[in-house]
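Here is the structure we will look at.
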Amino acid sequence: MQFCHHKSDDPLTPTRNSGAEDGEELSGGATTIFDKSMNAFGFAAANLSQAEKNKFGLGNSIFKTSWVVAPSSTTGVDGLGPLFNARSCSGCHKLDGRGLPPANPGDDLGGLLFRLSVSGEDAHGGPMGDPQYGGQLSNHGIYAGATTSATAEGNVSVTYITTTGKYKDGTTYELRTPVYTFTDLGYGPLSSDIMYSPRLAQQLPGLGLLEAIPATDILALADIADVNGDGISGKPNYVWNYETNTTDLGRFGWKANQPTLSQQTAGASLGDMGITNRLFTDENLTGDEVTDYGSWPNGGTPEMLDADLDQLIFYCQTLAVPARRNWADDQVLRGKELFTQAKCSACHTPYFVTGTHPVSALSNQKIRPYTDLLLHDMGSELADGRPDYLATGNEWRTPPLWGLGLIKTVNGGRFLLHDGRARTLEEAIIWHGGEGTFSKNAFINMNAADRAALISFLESL
């Protein structure tokens with residue numbers, strides 16, 4: 001494992017322009033690493049101690065581990081399934097980056113999963129899962145023996161409808177709308193009132209820093225009734241914390257439906273891989289699946305050891321954000337001005353100062369994540385129609401923009417928004433609706449030079 005540190009003579013650091021802010025290239029403060037390769041999302045925070053770097057390395061190993069069916073001689077990593085989406089964390093987050101949607105109908109879903117719910121709320125105010133299929137569609141089932149196997153819950157075929165439009169200057173653009181068809185359902189039809197939401201795995205750098213932002217600073221940005229009349233409301237999501245049995249501020253996930261990284265990590269372990277842990281001790285089985293597979297061998301109680309879960313959480317907390325590139329170039333600085341003029345920064349808040357975090361390296365850092373971690377109505381075209389705690393079917397959490405310019409390098413492609421429909425930064429902007437309408441229209445009305453400058457700014461993040 002290689003660990004990068006900031007150096008004043010780093011070749012990525014350009015000559016300072018008078019319009020650039022001091023330290024603007026350090027997206028993660030002192031945690032920032034300088035790397036722009038395909039491995040840019042996989043480094044430890046630069047200011048960790050050597051002991052912490054060793055712990056990070058252990059967490060990285062668990063992150064990449066492919067779990068196997070129980071019982072197995074490799075008792076530390078058995079217990080996969082019986083139903084699952086991926087065999088490892090890196091199966092969805094390759095190189096700690098984003099998931100990729102299926103390239104063709106019938107392809108494996110990869111890093112795209114589907115949340116499921118029906119009308120009503122669970123005991124904690126969250127979504128009510130489908131009685132048979134639960135809260136997430138598992139598109140794989142284990143082979144338990146020579147003659148037995150677990151039937152996958154089903155699959156989803158993804159196709160696209162293409163439409164075109166024009167910028168004000170007459171230049172054309174193309175958008176694609178995904179169409180989802182559920183196939184091969186293994187346990188009968190979905191509920192008649194089923195609601196589903198496609199969710200693409202997000203890149204992982206900087207999550208611990210987001211966890212370290214004081215809740216008061218996030219809540220100070222909320223304006224649910226749009227009192228200031230700027231067309232931007234910003235609403236916090238409050239969700240159930242299974243560790244403390246309290247309702248807390250949501251920060252993580254596409255709808256801010258997870259309060260902490262420990263719960264996010266433990267929930268993904270169970271939901272995505274079928275690996276039980278100290279926080280979620282029951283297998284992810286619902287309906288007839290409980291009778292069919294509830295007595296099958298497992299990998300222990302729980303299947304993931306507490307020490308392994310702790311190291312995995314630490315790894316997710318301490319993945320470093322890469323430094324910006326070309327941050328002081330004139331065109332990038334012009335793009336930053338346009339970003340503000342178009343009200344993009346009203347939701348994509350440029351910077352915070354972190355508070356105290358159990359990992360001291362993450363504490364008291366000036367960071368530039370370009371998110372407010374709040375929910376915003378993004379309009380009917382991006383809506384999934386599925387409530388998630390306080391999030392309506394039209395609302396999404398503002399995604400952080402740090403690392404945006406390196407997604408294509410790390411992933412080998414760029415698929416943006418919650419379902420990967422946007423193949424370019426331009427497409428992602430044009431899909432904005434609701435509270436993002438002003439920003440979208442401002443971009444469409446820009447001339448080619450200004451559009452290029454704004455994109456250059458986003459590519460520098």
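Just the heavy atoms: all of them, side chains too, but no hydrogens, waters or symmetry mates, feed the values below. Keep in mind that this is a model prediction, so the values were computed, not measured.
Exactly one of Glu395, His432, Arg397, Glu435 qualifies for a side chain to side chain donor-acceptor pair (under 3.5 Å) with His376. That residue is Glu435. No option in Leu207, Thr354, Thr31 other than Thr31 meets the side-chain contact (heavy atoms from CB on, under 4.5 Å) test with Leu362.
Between Tyr196 and Phe114, the ring planes lie tilted relative to each other; the angle falls in the 30° to 60° range. Between Phe339 and Phe457, the angle of the ring planes lies from 30° to 60°, which puts this pair in the tilted group.
Salt-bridge check for Arg386 with Asp384: failed, with every basic side-chain N at 4.0 Å or more from each acidic carboxylate O. By the 4.0 Å N-to-carboxylate-O rule, Glu21 lies close enough to Arg368 to be salt-bridged with it. Between Glu459 and Arg414 there is a salt bridge, since a side-chain N of the basic residue sits under 4.0 Å from a carboxylate O of the acidic one.
For the residue pair Asp96 / Tyr315, a side-chain donor-acceptor distance below 3.5 Å is found, with atom types taken as modelled. A donor-acceptor pair shorter than 3.5 Å cannot be found between the side chains of Arg115 and Ser117. Donor-acceptor pairing under 3.5 Å is lacking for the side chains of Thr318 and Glu52. Using modelled atom types and a 3.5 Å distance limit, the side chains of Glu211 and Gln317 yield a donor-acceptor pair. Side-chain contact check for Gln136 and Asp272: at least one donor-acceptor pair (N or O, by modelled atom type) lies under 3.5 Å. In summary, the side chains of Thr246 and Asp248 do present a donor paired with an acceptor at a separation below 3.5 Å, with no hydrogens or angles considered. Of the N and O atoms on the side chains of Arg87 and Ser66, not one donor lies less than 3.5 Å from an acceptor on the other residue.
A distance-only check finds a donor-acceptor pair linking the side chain of Glu303 to the backbone of Thr276 [under 3.5 Å]. Checked by atom type and distance alone, the side chain of His140 never pairs as donor or acceptor with a backbone atom of Ala152 at under 3.5 Å. Asn298 places no side-chain N or O within donor-acceptor distance of the main-chain N or O of Gly79, the cut-off being under 3.5 Å.
Rounded to the nearest 0.5 angstrom, Asp377 CG and Ile232 CD1 are separated by 10.0 Å.
Relative to the six-membered ring of Tyr351, Lys366 meets both conditions, a distance below 6.0 Å and an angle of at most 45° to the axis.
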